[in-house]
Amino acid sequence: MIEARHLRILRAVAGTGSFSAAARELGCTQPAVSQQMKALEQSAGTPLLVRAGREMRLTQAGEALVRHAAGILAGLTAAEEEVAAIAGLRAGRVRLVSFPSGSSTLVPTALAAMRAEHPGTRISLVEAEPPRSVEMLRDGDCDVALAFRYAGSDPAAPGPGRAGSAAAEGWEDLVVRPLLTDRLVGLVPEGHRLAGSASVRMAELADEPWIAGCPRCRRHLVEVCEDAGFTPRIDFATDDYPAVAGLVGAGLGVAVLPELAVESVRAKGVSTVAVEPAVEREVVALTLPDLARVPAVAATLAELERAAAR
């Protein structure tokens with residue numbers, strides 16, 4: 001019989017490449033990992049790992065088992081949490097992953113409300129941009145993922161004309177909870193010729209040097225500019241939103257950022273302007289169908305929705 005603890009150890013070995021690294025990750029000893037893996041291989045009736053130099057590699061059977069492990073472990077987590085709730089325990093755990101501007105705007109309000117309403121629920125937070133955050137959700141490394149998708153044509157979508165839908169993002173197997181629509185705004189230095197304008201068309205910025213954001217946002221910026229008839233000259237690129245605002249404020253270029261990102265930074269020497277045509281991204285909370293039935297996860301999703309509505 002395959003046990004959940006064996007699956008967790010197999011995933012750790014597969015992710016780290018060795019028994020010793022898996023032991024460090026799991027907080028146990030290397031002999032314990034080796035013993036549990038032997039027990040799992042006996043249960044499976046076939047080798048799951050082979051040694052290749054200093055690393056352990058998965059056999060075909062091992063790859064199949066790891067592929068199913070995330071869903072199995074998520075289902076077990078859902079069962080454990082639901083049973084605990086039915087038994088009257090006021091406890092739970094939610095592992096949340098969010099992109100940076102969501103972490104500084106939506107998440108604090110939601111987590112403060114969770115602590116006030118459900119003090120027994122433990123919530124952890126790590127940051128990752130989509131699609132990495134979505135991968136973490138599917139891999140069983142988090143319970144709720146804050147993500148975003150751009151309206152119109154999204155360079156992360158797998159095919160033309162499909163962006164903006166769950167299918168386009170490959171989210172059709174997930175529970176998608178829309179939170180808000182986040183419009184991109186232009187950032188120009190305060191002394192810029194367009195500072196103070198009610199709105200600016202992207203084509204008016206064709207000859208400007210650009211400061212670009214995260215890789216996905218960067219690709220989307222290039223696409224939007226090309227739709228406006230030009231290719232942006234990107235002089236600087238950084239994943240750090242305050243750095244983007246600082247570079248603009250120093251007169252080194254212009255940028256477009258989501259309103260959530262602008263709200264999360266104190267931009268000195270920067271003027272914000274509306275961009276035409278409007279460029280928007282949809283901010284959503286994602287979870288697995290089994291996890292959506294876990295009371296602590298459901299409560300977290302509800303608080304994220306309330307935070308977005310404020």
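Atoms considered below: every heavy atom in the structure, side chains included; atoms not considered: hydrogens, waters and symmetry mates. In this text the structure is predicted, and so the values were computed from the model without any measurement.
Counting heavy atoms from C-beta outward, Val107 and Thr105 have side chains that stay 4.5 Å or more apart. Residues Tyr150 and Cys217 form a side-chain contact, since some pair of their non-hydrogen atoms from C-beta on lies under 4.5 Å apart. Side-chain contact between Leu286 and Arg177 is absent, with no heavy atoms from C-beta onward closer than 4.5 Å. Within the 4.5 Å cutoff, side-chain heavy atoms of Pro232 are placed close to those of Val222. In this structure, the side chains of Leu252 and Asp235 stay at 4.5 Å or more apart for every pair of heavy atoms. Put simply, the side chain of Arg122 does not reach to within 4.5 Å of the side chain of Val94, judged on heavy atoms. Side-chain contact between Pro258 and Arg281 is present, with heavy atoms from C-beta onward closer than 4.5 Å.
To the nearest 0.5 Å, atoms CG (Leu174) and CZ (Arg138) are separated by 4.5 Å. With values rounded to the nearest 0.5 angstrom, Leu137 atom CG is found 11.5 Å from Leu146 atom CG. The structure places CH2 of Trp210 at 9.0 Å from CD1 of Ile234, a figure rounded to the nearest 0.5 Å. Note that CD of Glu190 and NZ of Lys268 are 11.5 Å apart. Values are rounded to the nearest 0.5 Å. Here Leu58 contributes atom CG and Leu10 contributes atom CG; the two are 6.0 Å apart, rounded to the nearest 0.5 Å. Here the CZ atom belonging to Arg11 is positioned 10.0 Å from the CG atom belonging to Leu26, to the nearest 0.5 angstrom.
Looking at every heavy atom in both residues, Ala308 comes nearest to Leu179 through CB-O, 3.5 Å. Here the shortest heavy-atom pairing between Ala245 and Val270 reads O-CG2, 3.3 Å. Nearest approach of Ser101 to Ser104, heavy atoms of both residues: O-OG, 3.3 Å. The two residues Pro189 and Val254 have their closest heavy-atom pair at CD-CG1, 4.4 Å. Nearest heavy atom pair, residue Asp173 against residue Pro289, reads O-CD, 3.4 Å. Residue Val256 comes nearest to Gly186 through the heavy atom pair CG1-CA, 4.0 Å, listed as atom of the first residue, atom of the second, then distance.
Proximity of a side-chain donor or acceptor of His118 to a complementary backbone N or O of Gly120 within less than 3.5 Å is not detected. Remark: side-chain polar atoms of Ser197 are not paired, donor with acceptor, to backbone N or O of Ser199 under 3.5 angstrom. Side-chain atoms of Asp143 come within 3.5 Å of backbone atoms of Arg95 as a donor-acceptor pair (strictly under, hydrogens ignored). Not one N or O on the side chain of Glu280 forms a donor-acceptor pair closer than 3.5 Å with the backbone of Asp182. Glu303 places no side-chain N or O within donor-acceptor distance of the main-chain N or O of Thr300, the cut-off being under 3.5 Å. Checked by atom type and distance alone, the side chain of Arg218 pairs as donor or acceptor with a backbone atom of Gly213 at under 3.5 Å.
Residues Leu260 and Val144 share a hydrophobic cluster, clusters being chains of Ile/Leu/Val/Met/Phe/Trp/Tyr side chains in contact below 4.5 Å. Using a 4.5 Å cut-off between side-chain heavy atoms of Ile, Leu, Val, Met, Phe, Trp and Tyr, with links allowed through other members, Phe236 and Leu184 fall into different hydrophobic clusters. Taking hydrophobic clusters as Ile, Leu, Val, Met, Phe, Trp and Tyr residues chained together by side-chain heavy-atom distances below 4.5 Å, Ile2 shares a cluster with Met37. Hydrophobic cluster membership differs between Met136 and Leu288, with clusters built from Ile, Leu, Val, Met, Phe, Trp and Tyr side chains linked at under 4.5 angstrom.
Ring geometry, Phe99 versus Phe148: the interplanar angle exceeds 60°, so the pair is classed perpendicular (tilted spans 30 to 60°).
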**Pair Leu96-Val126, side chain to side chain contact (heavy atoms under 4.5 Å, CB included): steps then yes or no** = CA-CA 7 Å; Leu96 175 64; Val126 296; over 6 Å; no

**Asked** Going through the checks in order, is the side chain to side chain contact (heavy atoms under 4.5 Å, CB included) test met by Leu125 and Val97?
**Response** CA-CA 6 Å; Leu125 171 67; Val97 60; 6.0 Å; no

**Message:** Test side chain to side chain contact (heavy atoms under 4.5 Å, CB included) on Val224 and Met202; report intermediate values, then the result.
**Reply:** CA-CA 8 Å; Val224 169; Met202 289 294 294; 3.9 Å; yes

**Prompt:** side chain to side chain contact (heavy atoms under 4.5 Å, CB included) between Val13 and Ser18: does it pass, once the steps are laid out?
**Reply:** CA-CA 6 Å; Val13 173; Ser18 72; over 6 Å; no

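Every residue two or more places apart in sequence or in another chain that forms a side-chain hydrogen bond (donor to acceptor under 3.5 Å, both in side chains) with Arg193 is listed here: Glu208. With sequence neighbours excluded, the residues forming a side-chain hydrogen bond (donor to acceptor under 3.5 Å, both in side chains) with Glu276 are Arg183, listed by chain and number.
A salt bridge does not link Arg132 with Glu129: every distance from a Lys NZ or Arg NE/NH1/NH2 to an Asp or Glu carboxylate oxygen is 4.0 Å or more. The pair Arg67-Asp139 fails the salt-bridge criterion, with no side-chain N (NZ, NE, NH1 or NH2) lying under 4.0 Å from an Asp/Glu carboxylate O. Salt bridge Asp239/Arg216: absent, no basic N to carboxylate O contact under 4.0 Å.
Sorted by first and then second residue, the salt bridge (Lys or Arg N to Asp or Glu O under 4.0 Å) pairs with a member in residues 284-302 read Asp290-Arg293; sequence neighbours excluded.
Side-chain contact check for Glu127 and Ser103: at least one donor-acceptor pair (N or O, by modelled atom type) lies under 3.5 Å.
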